[in-house]
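As structure tokens, the structure follows; a few thoughts come after it.
Just so you know, these numbers come straight off a predicted model, no measurement behind them.
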Amino acid sequence: MTQINEQQTYYDIAVIGGGINGVGIANDAAGRGLSVFLCEKDDLASHTSSASSKLIHGGLRYLEHKEFRLVREALAEREVLLAKAPHIIRPMRFIMPHQPHLRPAWLIRTGLFLYDHLGKREKLAGSHLVEFDPYTSPLKTEITRGFEYSDCAVDDSRLVILNAMQAREKNATVVTQTRCISAQREHGLWNIQFENEQGIYQIQAKALVNAAGPWVAQFIKQELQLKSQYGIRLIQGSHIIVPKIYDGDKAFIMQNDDQRIVFAIPYLNQYTMIGTTDREYLADPNNVEISQQEIDYLLDVSNDHFKVQLTQADIIQTFSGVRPLCDDESDNPAAITRDYTLALSQDHENDAPLLSVFGGKLTTYRRLAESAMVHLQKFFPNAGKAWTEKSLLPGAENLVSVDGLVLEIQNKIKGLDHETSSRWAHAYGTYTWKFLNHSTSVHELGQDFGHGLYAQEVDYLVDQEWAITSQDILKRRSKLYLKFTEAEIQALDEYLLELHERRLQKDVA
Ligand SMILES: Cc1cc2nc3c(=O)[nH]c(=O)nc-3n(C[C@H](O)[C@H](O)[C@H](O)COP(=O)(O)OP(=O)(O)OC[C@H]3O[C@@H](n4cnc5c(N)ncnc54)[C@H](O)[C@@H]3O)c2cc1C
């Protein structure tokens, strides 16, 4: 946890929530010269923003729901984000097997024509028809035709962390494991109270941004004791991870009889990630987990399409999240709008503003943040202009090619395996050099925790990326949790305990 700076108790903007929308707004505002404070009650990206399908996509199926504004914005963002963070985002081709009884070919062709042309597209290839060779196709032999188009894949939790790092580089204060417990308006400012392991703190801010994701409405009601302008629908989505069921780097978008679609996405070279589901969720968002019904549903959709037949025993991991969607009173969870709504509220003219974020996608976080700043502009007339479209995220600076960086790292560090240098290049980009320092061999990287995780990387994650626990490192800063054994996790926990003690003693001294 970053210590709260007790010297500074006044900020222009306080942001509640360290998911993609909170860090996106904090980063944008800090880059415009505003003083920003962001608090996250758990770890960065510990909720919806690490439980996504990990796509930067226009959302082909939203065309069916006539969400043209959202799709146009999201399509254009694909190339903007790809240029901003080519280490954590990569183009991906998607194959949609044709199921004529579900959607006629003309409908798909029209959808893909719009998809190719609605948003600006320079690097991503367009769509076309594909015929499957029954001998080499991973799909069942009766599936003979389909359509192929482009979107992008992203490391979702690292997108959050890189935005938080950039916000900090622009002087924002970002604190984790710190919950906002209440806030009141007074004399044109917000008095805001926080609680963490060290106690209760208060700051003042001119504007309060509520980016609490699934808790957005609850935060307004309970912590602020105010009325929410919009309702929120919590829609659970779950994924399963299985050993890869086909070779190659393309994803499949499978149409199901219930009109929903499910993705099969190549994941971390060895796995296939299958998801997602859509079901109303009424319990505590902290405790969301996959249900047996969702497992059966995802296995059935996959088994209806692929030659490889999966059973529950094949599942290596599952993950679930809740989409905090703006309530548009749709009966069907899959049809509720995925677009975002920003609600600015002031009870009286001189009241300090509250801006609440309802809904949104990872893909549109940057545009959502720009839009948030437009809403807040009148309160900060001296704030700078929009700047995020052309700026690079941390680690993308001086990055000529990710493959080139993989080789460079491997050449520099003797004895390093390709898998680890590739993981570093894709997670940290050129920031990899920050923790490699002057090392020239794996033997200089400190304790080896297995699977390419060394002490030098762990220290960096603790010092620079707000990591505290082994799960912060294994689940959100990397995806090594899929490989680590209980004993390996314990060794990492012990190291972290000592590291935190050492850091604490240093701080006291
Ligand atoms: C299954 C699924 C698949 C998805 N797939 C995609 C996809 O492929 N592409 C895409 O673009 N989008 C996708 N999305 C949507 C996307 O993940 C979400 O829109 C986005 O992550 C929401 O981010 P957020 O910041 O609003 O919420 P969150 O990530 O949940 O962040 C809110 C944060 O606020 C914190 N918080 C709450 N209350 C407090 C408090 N009082 N004090 C301090 N902190 C607090 C929480 O701990 C939480 O970390 C998917 C969503 C789901 C569920």
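- Evaluation of the ring-ring contact (aromatic ring centres under 6.0 Å, His included) rule for H375 yields no partner, not counting sequence neighbours.
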Pair up each side-chain donor or acceptor in residues 216-230 with any protein partner under 3.5 Å, not counting sequence neighbours, and list the distances.
residue: Q225; atom: NE2; partner: Q222; partner atom: O; Å: 3.0
residue: S228; atom: OG; partner: Y230; partner atom: N; Å: 3.4
residue: S228; atom: OG; partner: Y230; partner atom: O; Å: 2.6

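- In this structure, P353 and L344 approach most closely via the heavy-atom pair CB-CD1, 3.9 Å.
- Between F358 and N21, every side-chain heavy-atom pair lies at or beyond the 4.5 Å cut-off.
- Heavy atoms from other residues, nucleotides or ligands lying under 6.0 Å from CD of E280 number more than 12.
- For the side chain to side chain donor-acceptor pair (under 3.5 Å) test with H451, the passing option among R423, K483, E488 is E488; the others fail.
- The CD1 atom of I20 sits 10.5 Å away from atom CG of L44, with the distance rounded to the nearest 0.5 Å.
- Contact of the L75 side chain with the R121 side chain is not registered, since no non-hydrogen atoms from C-beta on lie closer than 4.5 Å.
- Between G359 and L368 the shortest heavy-atom distance is O-CD1, 4.4 Å.
- Under 3.5 Å, the side chains of R323 and T276 contain a donor-acceptor pair of N or O atoms.
- A donor and an acceptor atom, one from each side chain of E494 and Q490, are located under 3.5 Å apart.
- No hydrogens or angles considered: a donor-acceptor pair under 3.5 Å links the side chains of E457 and Y428.
- A salt bridge is absent between D278 and R233: the closest approach of a Lys/Arg side-chain nitrogen to an acidic carboxylate oxygen does not fall below 4.0 angstrom.
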- Steps toward side chain to side chain contact (heavy atoms under 4.5 Å, CB included) verdict (L82, I56): CA-CA 9 Å; L82 189 58; I56 296 296; over 6 Å; no
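- Under the 4.5 Å side-chain criterion, counting only non-hydrogen atoms from C-beta, F435 is not in contact with L461.
- For F263 and F94, the ring centers are positioned less than 6.0 Å apart.
- Panel note: side chain K54, backbone D155; no donor-acceptor pair is recorded below 3.5 Å.
- The two residues Y460 and K434 come nearest to each other via the heavy atoms CE1-CB, 3.9 Å.
- Here the side chains of E79 and K120 are not in contact, with every heavy-atom distance at 4.5 Å or above.
- For residues 9-19, the set of pairs meeting the salt bridge (charged side-chain N to carboxylate O under 4.0 Å, His left out) definition, not counting sequence neighbours, is empty.
- More than 12 heavy atoms of other residues, nucleotides or ligands lie within 6.0 Å of NZ in K123, so this atom counts as buried by the packing criterion.
- Applying the side-chain hydrogen bond (donor to acceptor under 3.5 Å, both in side chains) test to Q346 and every residue at least two apart in sequence or in another chain returns nothing.
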- Task: Take R476 and E465 through the side chain to side chain contact (heavy atoms under 4.5 Å, CB included) test and state the conclusion after the steps.
- Result: CA-CA 10 Å; R476 290 174 285 276; E465 294 200 1; over 6 Å; no
- Message: Show, in sequence, the C-alpha distance, side-chain angles and deciding distance for V209 and L376, and conclude whether the side chain to side chain contact (heavy atoms under 4.5 Å, CB included) test is met.
- Response: CA-CA 10 Å; V209 173; L376 293 173; 4.0 Å; yes
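- Taking both residues in full, the closest heavy atoms of L342 and S371 are given as CD1-OG, 3.5 Å, listed atom of the first, atom of the second, then distance.
- Counting non-hydrogen atoms of neighbouring residues, nucleotides and ligands closer than 6.0 angstrom, the CG atom of N269 reaches no more than 12 such neighbours.
- Y431 places none of its side-chain heavy atoms less than 4.5 Å from the side chain of L393.
- Considering CD1 of I295 and CD1 of I274, their distance stands at 12.0 Å, rounded to 0.5 Å.
- Counting heavy atoms from C-beta on, the side chains of W466 and Q177 never come closer than 4.5 Å.
- A distance of 6.5 Å separates CG in L208 from SG in C180, rounded to the nearest 0.5 Å.
- What you find for A30 and A167 is that their closest heavy atoms are CB-O, 4.0 Å.
- Taking NE2 of H239 as the start and CD1 of I265 as the end, the distance is 6.0 Å to the nearest 0.5 Å.
- Of the inter-residue distances, the one linking T9 atom OG1 with Q202 atom CD reads 8.5 Å to the nearest 0.5 angstrom.
- Residues N398 and T430 bring no donor and acceptor atom of their side chains to less than 3.5 Å of each other.
- Pairs of residues two or more places apart, or lying in two chains, never qualify as ring pair (Phe, Tyr, Trp, His ring centres under 6.0 Å) while including a residue from residues 54-77.
- Taking all atoms of both residues into account, the shortest heavy-atom contact from S421 to V406 is OG-CG1, 3.4 Å.
- A salt bridge links R477 to D43: one of the charged nitrogens lies within less than 4.0 Å of a carboxylate oxygen.
- Side-chain atoms of Y495 and D459, non-hydrogen and from C-beta on, do get closer than 4.5 Å to each other.
- Atoms CD1 and CD1, from I489 and I473 in turn, are 11.5 Å apart once rounded to the nearest 0.5 Å.
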Show every donor-acceptor pair shorter than 3.5 Å between a side-chain atom in residues 181-189 and any protein atom, with sequence neighbours excluded, or say none if there are none.
residue: S182; atom: OG; partner: Q193; partner atom: OE1; Å: 2.6
residue: Q184; atom: OE1; partner: Q193; partner atom: NE2; Å: 3.2
residue: Q184; atom: NE2; partner: Q193; partner atom: OE1; Å: 2.8
residue: R185; atom: NE; partner: A352; partner atom: O; Å: 2.7
residue: R185; atom: NH2; partner: S345; partner atom: O; Å: 2.8
residue: R185; atom: NH2; partner: A352; partner atom: O; Å: 3.2
residue: E186; atom: OE1; partner: N191; partner atom: ND2; Å: 2.6

- Would V462 and H500 count as a side chain to side chain contact (heavy atoms under 4.5 Å, CB included) if you check the C-alpha gap in whole Å, the side-chain angles of each, and the deciding distance to 0.1 Å? CA-CA 9 Å; V462 169; H500 292 313; 3.8 Å; yes
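- Between the side chain of R78 and the main chain of S150, a donor-acceptor pair closer than 3.5 Å is present.
- Considering Y201, W190, F194, Y10 in turn, F194 is the only one that fulfils the ring-ring contact (aromatic ring centres under 6.0 Å, His included) rule with F37.
- In this model, a donor atom of one side chain and an acceptor atom of the other lie less than 3.5 Å apart for S157 and K479.
- With respect to E67 and R338, no salt bridge is recorded, no charged nitrogen being found less than 4.0 Å from a carboxylate O.
- Side-chain contact check for Y365 and N163: at least one donor-acceptor pair (N or O, by modelled atom type) lies under 3.5 Å.
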- I would like to know whether E77 and R366 meet salt bridge (Lys or Arg N to Asp or Glu O under 4.0 Å); could you show each step before the answer? CA-CA 8 Å; E77 275 307 277; R366 194 194 66 80; 2.9 Å; yes
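- Looking only at side-chain heavy atoms (C-beta outward), L474 and L453 come within less than 4.5 Å of each other.
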